[in-house]
Amino acid sequence: MEPKKVAIIGAGVSGLAACKFTLSKGFIPIVFEARGAIGGVWTETLQTTALQTPKDMYRFSDFPWPKSVTEEFPKYNQVLDYLKAYADHFGLMKHIRFNTRVLSIDYEGCSDEELDSWNLWGGSGEAFGDRRKWRLNVVDAHTNDPIEEMVVDFVILCIGRFSDVPNIPEFPPNGGPEAFKSGKVLHSLQYSAMDFDTASNLIKNKQVTVVGFQKSALDLAMECANTNGPKNPCTVLYKTAHWNLPDNHPWGIPLSFLYMNRFAELLIHKPGENFILYLLAVLLSPIRWFFAKIVETHAKKKHKLAKYGMIPTHSFLQDISSCQLASLPEKFYEKVDEGSIILKKSPNFMFCEEGITIQGQTKPIRTDLVILATGFRGDQKLKQIFTSATHRNHMTFRDAVNPLYRQCIHPRIPQLAVIGFTESPSNMFTSEIRCRWVAEFLAGTFKLPSIKEMEKDIANWEKILKHYSGPFSKRACFATLHIWYNDQLCNDIGWNPKRKKGFFANLFVPFSPLDYASP
């Protein structure tokens, strides 16, 4: 029998891992990458971009970082070198088609009525259908000229969440960027796509306003402050202060011992938990509160947050449950003290001819350049790739965090998986085990449960994720339930979820990618 063809869209971290694992199971992976190089979001970054996760947690389980990388948080170019070495080591490059964009995908061989009638995913709960295929419309990424239409047996979308489609705030009539006559407005996506010299020249000797307070916004503000100093200060316009960590060792305790082990997960309610686990989460809730206070008091003291009026009104648990943990650039508040960075809080803003006006302030913020570090609409990117209106509707998130079973499979869209969309404490760690899970599913190691069972499981996860992320439910992630999630994947593929030797090690020692290197 001819091996099945698996289309993998995207050659970032998830795409490379998907290629490796599908190849290991005897399938024919065809990777489509719109850029001219592997690496996904790492190919277009700020010059100062570095990992936010320690490299021991941001690695593939069977491929160590080179000894020459001694930093705990490697720079973007070191990450790219690591990914290139991984691809070369496992012979992945020959399976990647660079500068090719998949404009759309269309499911063939089955009507919408037949799809809606199924009780099992794909009609059988298995990965492949006898006559059903996906047709891909592939174009040249530079010219948009058609290259070919390709028919494959399965599609894995690894197109990421934080790229390509910018999230632009909504503005009142005549209050959008078009009202700003004296300067320029761009999104951080555009700034990151520039070469470093062009980006540096763009901000040089200009008064820049950065909108946002996540990692890109903070790095942008530091680049502007280092370039221009107090003579042309950078204004950071933010809506909500967050618990940005000064380091990963609050009061000398590794953060991973507070949130990345099984004991920490006993403090959290879990989807599908039994009565004993429910009771433990209730009884141990004071410890959960105490752990959050350890981190919060450390951040308050180290950053002197009260001095700058930057103490968040929500708990650290809500920040980590929505993966909104950004380490502040070194000496960030020193730049605030010297006047190179000005912090301005406003729930909303609008543009005017001279710059920006914010709520409660009569005078506008005069500026030459506004950079919107306001995130991305990865959900739109997922939805727009489908030709079928039915599939687009299924992939419309609305108020949902993520309508995917095991964060990979949509119950109503057969022969397709999504990897790398939901965040975690380490996206590489999570993407790798998901790719392994999908590859085992393709190989027939297990079948999916019924569509109704999958939808119930999704709803259970949704309820828990929204509960702990609070006002940030749109960004909800499973950082505090990472091991519980991995346990589910291990059980599906027939692995023992207890990855460490000994009761106490399994309970208290943080889990890392190395724990999932082999069955």
Side-chain angles (χ1 to χ4, degrees), residues 1-33 38-40 58-66 82-98 122 125-129 133-134 136 150 152-160 405-409 415-421 424 426-448 485-497 499 511-519:
M1 182 183 294
E2 185 179 347
K4 302 286 189 182
K5 291 181 180 179
V6 179
I8 300 167
I9 303 177
V13 168
S14 300
L16 294 176
C19 182
K20 183 220 170 189
F21 284 110
T22 52
L23 195 62
S24 71
K25 293 297 182 181
F27 300 106
I28 302 175
I30 308 163
V31 185
F32 298 93
E33 172 52 55
I38 63 172
Y58 194 89
R59 56 160 288 178
F60 293 111
S61 61
D62 55 359
F63 194 73
W65 282 88
Y82 174 73
L83 294 176
K84 177 68 163 59
Y86 176 84
D88 288 339
H89 179 78
F90 290 106
L92 309 181
M93 297 295 283
K94 62 186 177 183
H95 299 283
I96 303 173
R97 302 187 181 190
F98 292 106
E126 298 179 344
F128 302 104
K133 311 278 186 181
W134 283 97
L136 281 58
M150 176 169 288
V152 298
D153 300 286
F154 200 94
V155 173
I156 304 177
L157 297 178
C158 303
I159 54 181
Y405 176 71
R406 299 291 193 253
Q407 313 294 314
C408 297
I409 298 288
Q415 293 170 239
L416 179 137
V418 179
I419 297 178
F421 187 82
S424 75
S426 170
N427 291 330
M428 181 179 286
F429 180 6
T430 308
S431 285
E432 184 186 34
I433 193 168
R434 285 175 181 164
C435 289
R436 191 187 294 272
W437 181 86
V438 168
E440 293 289 350
F441 172 55
L442 296 180
T445 303
F446 64 96
K447 290 184 178 183
L448 295 177
Y485 171 74
N486 287 348
D487 286 353
Q488 293 183 331
L489 301 187
C490 286
N491 286 326
D492 289 343
I493 64 178
W495 286 20
N496 181 0
R499 309 304 298 168
F511 280 54
S512 75
L514 282 174
D515 293 308
Y516 298 89
S518 62

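Computed from a prediction, not measured in an experiment: that's the story for all the values here.
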Visitor: Residues in salt bridge (charged side-chain N to carboxylate O under 4.0 Å, His left out) with Lys4, at least two apart?
Guide: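 Not a single residue meets the salt bridge (charged side-chain N to carboxylate O under 4.0 Å, His left out) criterion with Lys4.
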
Visitor: Using the six-membered ring wherever Trp is involved, compare the ring planes of Trp65 and Tyr82 and label them parallel, tilted or perpendicular (cut-offs 30° and 60°).
Guide: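 Geometry flag for Tyr82 against Trp65: parallel rings.
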
Visitor: Does any part of the side chain of Pro497, heavy atoms only, come nearer than 4.5 Å to the side chain of Asn491, both counted from C-beta?
Guide: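 When only atoms from C-beta onward are counted, Pro497 and Asn491 do touch, with a gap below 4.5 Å.
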
Visitor: Side-chain contact test, heavy atoms from C-beta onward, threshold under 4.5 Å: evaluate it for Trp437 versus Asp492 and give yes or no.
Guide: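 In contact.
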
Visitor: I'd like a table of donor-acceptor pairs (distance under 3.5 Å, sequence neighbours excluded) in which one partner is a side-chain atom from residues 90-98, with atom names and distances.
Guide:
unit_1	atom_1	unit_2	atom_2	d
Arg97	NH1	Glu148	OE2	2.5

Visitor: Measure across Phe60 and Ala17 and return the closest heavy-atom pair with its distance rounded to 0.1 Å.
Guide: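 Scanning both residues completely, I find the closest heavy atoms to be CE2-CB, 4.1 Å.
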
Visitor: With side chain to side chain contact (heavy atoms under 4.5 Å, CB included) as the criterion, how do Val438 and Cys435 come out once you've worked through the C-alpha distance, each side chain's angles and the decisive distance to 0.1 Å?
Guide: CA-CA 5 Å; Val438 168; Cys435 289; 5.8 Å; no

Visitor: For a 4.5 angstrom cut-off between non-hydrogen side-chain atoms, does Met428 reach Leu83?
Guide: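 Contact flag for Met428/Leu83 side chains = yes.
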
Visitor: Would you name the heavy atoms of Ala439 and Thr22 that are closest together and state the gap between them?
Guide: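 Result for this residue pair: CB-N, 4.3 Å.
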
Visitor: To the nearest 0.5 Å, what is the distance between CD1 on Ile8 and CZ on Phe154?
Guide: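 If I round to the nearest 0.5 Å, the distance is 10.5 Å.
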
Visitor: Let's go through Val13 and Tyr86 carefully: what are the C-alpha distance in whole Å and the side-chain angles of both, what is the deciding distance for side chain to side chain contact (heavy atoms under 4.5 Å, CB included) to 0.1 Å, and is it a yes or a no?
Guide: CA-CA 10 Å; Val13 168; Tyr86 176 84; over 6 Å; no

Visitor: Can you tell whether the side chains of Lys20 and Asp62 come within less than 4.0 Å, N to carboxylate O?
Guide: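 Yes.
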
Visitor: Would the distance check show the side chain of Glu440 and the main-chain N or O of Phe446 forming a donor-acceptor pair, the cut-off being under 3.5 Å?
Guide: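 Not at all, since once roles are kept as given, no pair shorter than 3.5 Å links the two residues.
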
Visitor: Hey, could you give me the CG/CD1 distance between Leu136 and Ile30, rounded to the nearest 0.5 Å?
Guide: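 The distance works out to 8.5 Å.
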
Visitor: Report the distance from atom CD of Glu2 to atom CG of Asp153, rounding to the nearest 0.5 Å.
Guide: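 Answer rounded to 0.5 Å: 8.5 Å.
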
Visitor: So which atom in Ile433 and which in Cys490 form the shortest heavy-atom distance, rounded to 0.1 Å?
Guide: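 In terms of heavy atoms, the two residues are closest at CD1-SG, 4.5 Å.
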
Visitor: From Lys84 NZ over to Leu16 CG, what is the distance, rounded to the nearest 0.5 angstrom?
Guide: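 Atom-to-atom, Lys84:NZ and Leu16:CG are 11.0 Å apart.
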
Visitor: To the nearest 0.5 Å, what is the distance between CD1 (Ile419) and OG1 (Thr430)?
Guide: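 It is 11.5 Å, given to the nearest 0.5 Å.
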
Visitor: For the residue pair Phe429 and Tyr516, is the inter-centroid distance of their aromatic rings smaller than 6.0 Å?
Guide: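 Centroid separation for Phe429 and Tyr516: below 6.0 Å.
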
Visitor: Mind checking the CG-CD spacing from Leu442 to Glu126? Nearest 0.5 Å is all I need.
Guide: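 Leu442 CG to Glu126 CD: 11.5 Å, rounded to 0.5 Å.
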
Visitor: Under the criterion ring-ring contact (aromatic ring centres under 6.0 Å, His included), which of Phe441, Phe27, Trp134 is the partner of Phe128?
Guide: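 Per the ring-ring contact (aromatic ring centres under 6.0 Å, His included) rule, the option paired with Phe128 is Phe27, out of Phe441, Phe27, Trp134.
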
Visitor: Which residue in the set Ser14, Ser426, Ser424 passes side-chain hydrogen bond (donor to acceptor under 3.5 Å, both in side chains) when paired with Ser431?
Guide: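 Result for side-chain hydrogen bond (donor to acceptor under 3.5 Å, both in side chains) with Ser431: Ser14.
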
Visitor: If you take all heavy atoms of Phe32 and Ala7, which pair is closest and at what distance?
Guide: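 Here Phe32 and Ala7 meet closest at CE1-CB, 4.0 Å.
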
Visitor: Quick check: do Arg406 and Leu489 have side-chain heavy atoms less than 4.5 Å from each other?
Guide: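 Counting from C-beta outward, Arg406 and Leu489 do come under 4.5 Å.
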
Visitor: Is there a donor-acceptor contact under 3.5 Å from the side chain of Arg59 to the main chain of Ser61?
Guide: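 Yes, Arg59 side chain to Ser61 backbone: donor-acceptor pair under 3.5 Å.
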
Visitor: When you look at Phe421 and Ile159, which way does the side chain to side chain contact (heavy atoms under 4.5 Å, CB included) test go after all the steps?
Guide: CA-CA 8 Å; Phe421 187 82; Ile159 54 181; over 6 Å; no

Visitor: Locate the shortest heavy-atom distance separating Arg434 from Gln407; write the atom from each residue and the value.
Guide: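 Where Arg434 meets Gln407 most closely, the heavy atoms are NH2-CB, 3.5 Å.
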
Visitor: Do you know which two heavy atoms are closest between Ala11 and Val31, and how far apart they sit?
Guide: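 Looking at all heavy atoms of both residues, the shortest contact is CB-CG1, 3.9 Å.
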
